[in-house]
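For reference, the structure is listed below as structure tokens.
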Amino acid sequence: MSEFPTKARVVIIGGGAVGASSLYHLAKKGWTDCALLEKNELTAGSTWHAAGNVPTFSTSWAVMNMQRYSTELYAGLGEAVDYPMNYHVTGSLRLAHSEERMLEFRRAAAMGRYQGMEIELLPPEEAKARYPFLETHDLAGVLYDPHDGDIDPAQLTQALAKGARSMGARILRFTPATGVTQKADGSWIVHTDKGDIACDHVVNAAGYYAQRVGEWFKPYGGRTVPMMVMSHQYLLSEEVPEVEAWTKQSGHKLPLLRDVDTSYYLRQEKHGFNLGPYEPNCRAHWVDESDPMPEDFSFQLWQDDLDRIEEIVTDAMERVPLLATSGVSRVINGPIPYAPDGLPLLGPMPGVRNAYEACVFTFGIAQAGGAGKVLAEWIVDGATEWDMWACDPRRFTDYTDHDYCVAKGMEVYGHEYAMHFPWHEWPAGRDRKLSPVHDKITALGGQMGAYNGWERANWFAKAGDDTSEAATHTWGRSGPWEQRIREECEAVRDGVGVLDLPGFSRFEVSGPGAAEALRGLVTGGLPKVGRLNLVYIADDRGRILTEMSCIRRGEDDFLMITAATAQWHDRDILTKAMPSGVTVTDVTTTRDTLIVTGPNSRALLAGISDADLTLGWLSHQEAVVAGRPAMLIRVSFAGELGWEIHAANADMPAIHDAVLDAGAKPFGMWALNSLRIEKGYRAWKGDLSTDYTLLEGGLERFVKLDKPQDFPGKPALLAEKQRGVKKRFVTLVVDAGDCDAPYMSCLWHGGEIVGETTSGAWGYRVGASIALGMLRADLAVPGTELEVEIYGTKHRAVVQQDRPLWDPENERLRA
Ligand SMILES: Cc1cc2nc3c(=O)[nH]c(=O)nc-3n(C[C@H](O)[C@H](O)[C@H](O)COP(=O)(O)OP(=O)(O)OC[C@H]3O[C@@H](n4cnc5c(N)ncnc54)[C@H](O)[C@@H]3O)c2cc1C
């Protein structure tokens with residue numbers, strides 16, 4: 001046995017599938033001097049007892065990327081590391097009970113095809129040909145994914161470990177990490193019961209123990225890891241002679257079955273079945289003092305609890321009657337960690353330098369391969385190939401306390417396979433952060449949605465409108481909200497509207513050298529004092545990291561305003577980039593914002609404020625509104641004459657009342673989305689993401705390649721400019737039918753996929769369905785006809801001129 005390593009480049013805490021894959025991928029990138037600590041034997045956490053299903057299906061582009069990569073890796077891993085494993089690519093049948101579900105399948109199938117996977121949609125009869133024991137009379141259709149399968153989770157982990165070891169990485173079993181200390185230079189000492197290891201980076205891959213490990217990072221800027229633990233069970237049946245006979249005759253296993261509307265999977269296990277339900281009446285564990293989390297739960301399980309899943313088991317027996325002919329041979333009931341949205345925490349640890357998370361995986365076997373790749377890219381390259389915001393730990397901020405995590409975890413588990421409709425807001429864990437005018441908004445009929453924990457009105461209902469959750473279960477445009485959105489947009493077009501927008505992320509950046517440091521960070525120029533600019537920040541590859549409104553209050557005094565959801569992401573960027581002497585202060589919660597916009601907004605504000613309303617577009621000023629101090633910024637994301645009013649929380653109710661009394665009509669986020677798309681304004685982490693460079697994103701006017709300062713991405717953007725872009729941002733008008741194009745709808749031309757949409761909505765001012773998207777550069781010519789595949793149906797779409805559809809000269813905005 002070699003000596004205990006006192007130094008490593010990276011220390012990974014946790015030896016499940018994800019930790020092992022992270023070590024393997026670091027080593028593959030040449031970082032072989034890394035170590036993994038496992039307090040027990042490898043796989044002792046959730047990994048050893050996992051069912052081992054490896055789907056590719058997801059409605060998230062990022063998660064699909066990760067899962068697809070896993071399947072590709074697993075197919076060749078045994079041979080690559082000389083560790084034969086049981087990996088069965090059986091294909092899977094995903095059953096739809098409704099047309100709405102079929103639309104979800106069609107969308108995912110198109111995304112899968114775009115990623116190179118031949119996913120098919122079958123009529124029920126054809127599914128029966130692949131799975132003769134299946135009852136199909138009540139099905140609307142079936143999705144067949146030929147890449148789905150199952151793997152032995154322990155063998156997978158051992159194979160990854162073997163591969164990592166053979167490249168020189170160290171795995172220390174029975175070596176619990178007991179704490180961490182960060183040194184002044186940002187490097188770490190990881191303490192173990194066998195000694196200390198000094199390292200540059202540390203990774204929390206502790207599975208369901210991640211919250212405990214996370215506590216150690218609090219003195220260095222960390223937060224409580226947002227997670228909870230669910231109990232998940234699967235049943236193994238006795239052998240079934242018919243299954244054995246069928247397997248012998250066909251030469252392969254049955255495809256995996258997922259009855260997503262009933263909420264279970266059913267897989268062939270040897271010659272019997274493995275049935276795994278996600279039951280609505282689910283059970284959380286270790287969430288209060290009556291059920292404390294034990295110090296060690298390695299290789300342990302809970303007692304069976306079959307009552308909870310009885311209904312689903314009965315249903316499954318009707319779907320596959322053969323299941324009822326065999327008895328239960330074993331029940332596995334084990335811990336499975338959940339983040340509040342059911343996706344893992346994978347990426348930089350919020351607020352902590354040189355620390356990362358690769359934990360809280362609910363599908364960690366299917367995702368381990370891709371997760372290891374992503375984690376290694378974060379550490380080695382500082383950026384990932386695919387935009388991974390969906391899994392970025394910074395997507396959760398300070399509102400995710402224990403009660404929230406438990407409520408959301410239970411909700412997600414109980415709806416594991418639920419459809420995520422664009423109009424639907426999940427009810428658990430709400431009202432975490434309220435605007436100072438929240439009660440007024442709801443009294444006005446505001447139908448609320450959560451944005452980084454902040455409640456904002458999506459639309460305003462009138463008496464008699466159907467505001468039930470059930471009404472939102474549609475992919476279509478029409479619903480009780482449609483007429484209201486139209487009215488809200490028309491009010492903004494013809495009169496004046498007001499939108500309460502709490503939770504804008506705000507950072508004060510000030511101190512000597514602030515301007516110079518920002519010049520070295522953003523791609524474009526800074527505004528003059530008294531003005532504001534939109535600024536962009538790129539990564540080293542010139543890809544779009546973020547967009548901020550930069551308000552210059554003094555030579556070295558800036559207020560940076562960004563999307564609510566970007567709060568911790570952008571905080572990281574700013575704090576990392578600023579030199580000592582320049583402070584970055586998060587003042588998000590101190591103020592609220594109203595957008596007051598429409599042709600009558602000037603007249604309205606003239607009646608209630610002393611502001612100089614002749615100041616031009618992109619100006620800002622301190623003023624008194626309704627007798628209260630406020631900052632007015634002349635911008636409008638809705639694309640009309642308008643101002644943002646930023647005021648202290650205590651002052652906002654009076655200002656809001658005055659704006660309403662002066663005749664502004666309240667409008668919501670869904671109207672704003674329609675209005676901004678008509679202007680071609682991009683939204684963060686849809687239209688603006690690290691999947692695209694600034695030049696591809698059509699943001700060249702925000703890039704000053706000739707400025708003297710170097711900024712991240714400058715060489716890459718220079719090179720790209722010379723070479724030419726591969727893709728280009730376009731606005732499309734779509735003959736869309738009932739549904740507008742969702743994110744990642746494929747663009748077709750001449751029988752080929754040539755791009756994708758990044759957002760879509762109906763534009764009520766222009767009377768058309770609009771999509772923003774990224775298109776192969778040679779086709780990004782006004783007038784080019786394409787097809788956009790929306791939920792499985794291709795619709796004609798035409799590339800528009802490179803200017804806003806509404807008010808192309810910005811005359812209304814600058815009026
Ligand atoms: C019944 C059941 C069935 C499942 N089926 C599937 C499935 O079919 N497909 C799928 O994709 N997923 C499935 N899962 C989920 C899957 O098991 C997990 O997502 C996955 O195992 C997580 O892997 P991990 O490496 O993140 O965590 P873990 O496997 O939990 O590994 C974390 C490791 O960290 C170690 N550790 C903790 N603290 C310390 C410390 N201080 N020092 C050193 N080591 C430490 C632990 O001992 C543990 O080994 C299932 C889960 C359950 C409960």
Side-chain angles (χ1 to χ4, degrees), residues 11-23 35-55 66-67 70 74 148-154 156-157 160 171-180 190-194 202-216 227 229-236 256 258 265 267 269 274-278 285 293 295-302 331-339 342-346 357-372 375 413 416:
V11 169
I12 297 170
I13 301 170
V18 175
S21 178
S22 302
L23 189 72
L36 179 148
L37 305 176
E38 167 52 51
K39 68 177 180 180
N40 196 286
E41 183 54 270
L42 291 178
T43 76
S46 289
T47 295
W48 72 278
H49 56 58
N53 304 331
V54 184
M66 205 162 56
Q67 295 180 168
S70 291
Y74 300 169
D148 210 325
D150 62 90
I151 198 162
D152 181 315
L156 167 66
T157 310
L160 291 163
I171 294 180
L172 305 167
R173 292 148 54 234
F174 300 101
T175 309
T178 53
V180 296
V190 178
H191 310 290
T192 81
D193 67 349
K194 300 200 172 79
V202 61
V203 181
N204 179 355
Y208 56 76
Y209 277 101
Q211 199 171 66
R212 290 218 170 153
V213 168
E215 292 299 300
W216 305 336
M227 62 172 289
V229 178
M230 293 298 297
S231 132
H232 177 51
Q233 308 180 79
Y234 62 82
L235 283 62
L236 296 173
L256 191 149
R258 278 195 193 77
Y265 63 81
R267 201 187 82 202
E269 177 75 29
N274 172 335
L275 172 65
Y278 288 93
H285 265 292
M293 188 176 190
E295 267 313 305
D296 188 34
F297 199 69
S298 300
F299 293 113
Q300 292 183 56
L301 294 171
W302 290 303
V331 179
I332 303 286
N333 182 3
I336 188 164
Y338 269 77
L343 294 178
L345 303 178
L346 178 62
E357 288 176 339
C359 51
V360 197
F361 280 78
T362 62
F363 292 100
I365 308 307
Q367 294 167 356
L375 198 270
Y413 180 99
E416 187 60 68

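Numbering of ligands and ligand atoms starts at 1, following listing order. Both backbone and side-chain heavy atoms feed into the values below; hydrogens, waters and symmetry mates do not.
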Any salt bridge linking R173 with E38? Criterion: basic side-chain nitrogen under 4.0 Å from a carboxylate oxygen.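 E38 and R173: not salt-bridged.
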Does the plane of the ring in F363 sit parallel, tilted or perpendicular to the ring in Y278? Use 30° and 60° as the thresholds. tilted
Students often mix this up, so state it plainly: with edges at 30° and 60°, are the rings of H285 and W302 parallel, tilted or perpendicular? parallel
Handout entry: Test log, rule side chain to side chain contact (heavy atoms under 4.5 Å, CB included), inputs T192 and L172
Key = CA-CA 10 Å; T192 81; L172 305 167; over 6 Å; no
Query raised in the report: With sequence neighbours left out, what residues match F174 under ring pair (Phe, Tyr, Trp, His ring centres under 6.0 Å)?
Result: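 Not a single residue meets the ring pair (Phe, Tyr, Trp, His ring centres under 6.0 Å) criterion with F174.
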>> Within this structure, what is the CG-CZ distance for the pair D148 and R258, rounded to the nearest 0.5 Å?
In response: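 Rounded to the nearest 0.5 Å, the CG-CZ separation comes to 4.5 Å.
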Could you pull out the N/O contacts under 3.5 angstrom between ligand 1 and the surrounding protein atoms?
| unit_1 | atom_1 | unit_2 | atom_2 | d |
| --- | --- | --- | --- | --- |
| ligand 1 | 5 (N) | A51 | N | 3.0 |
| ligand 1 | 8 (O) | G52 | N | 3.0 |
| ligand 1 | 8 (O) | N53 | N | 2.8 |
| ligand 1 | 8 (O) | N53 | ND2 | 3.4 |
| ligand 1 | 9 (N) | N53 | O | 3.1 |
| ligand 1 | 11 (O) | F363 | O | 3.3 |
| ligand 1 | 11 (O) | I365 | N | 3.0 |
| ligand 1 | 11 (O) | A366 | N | 2.8 |
| ligand 1 | 17 (O) | S46 | O | 3.1 |
| ligand 1 | 19 (O) | F361 | O | 2.7 |
| ligand 1 | 19 (O) | G364 | N | 2.7 |
| ligand 1 | 21 (O) | T47 | N | 3.2 |
| ligand 1 | 21 (O) | T47 | OG1 | 2.9 |
| ligand 1 | 23 (O) | T47 | OG1 | 3.3 |
| ligand 1 | 25 (O) | A17 | N | 3.2 |
| ligand 1 | 25 (O) | V18 | N | 3.0 |
| ligand 1 | 29 (O) | S46 | N | 3.2 |
| ligand 1 | 29 (O) | T47 | N | 3.0 |
| ligand 1 | 29 (O) | T47 | OG1 | 2.5 |
| ligand 1 | 30 (O) | S46 | N | 2.8 |
| ligand 1 | 41 (N) | A177 | O | 3.1 |
| ligand 1 | 42 (N) | A177 | N | 2.9 |
| ligand 1 | 44 (N) | K39 | N | 3.1 |
| ligand 1 | 47 (O) | E38 | OE1 | 3.4 |
| ligand 1 | 47 (O) | E38 | OE2 | 2.7 |
| ligand 1 | 49 (O) | E38 | OE1 | 2.7 |
| ligand 1 | 49 (O) | E38 | OE2 | 3.3 |
| ligand 1 | 49 (O) | G45 | N | 3.2 |

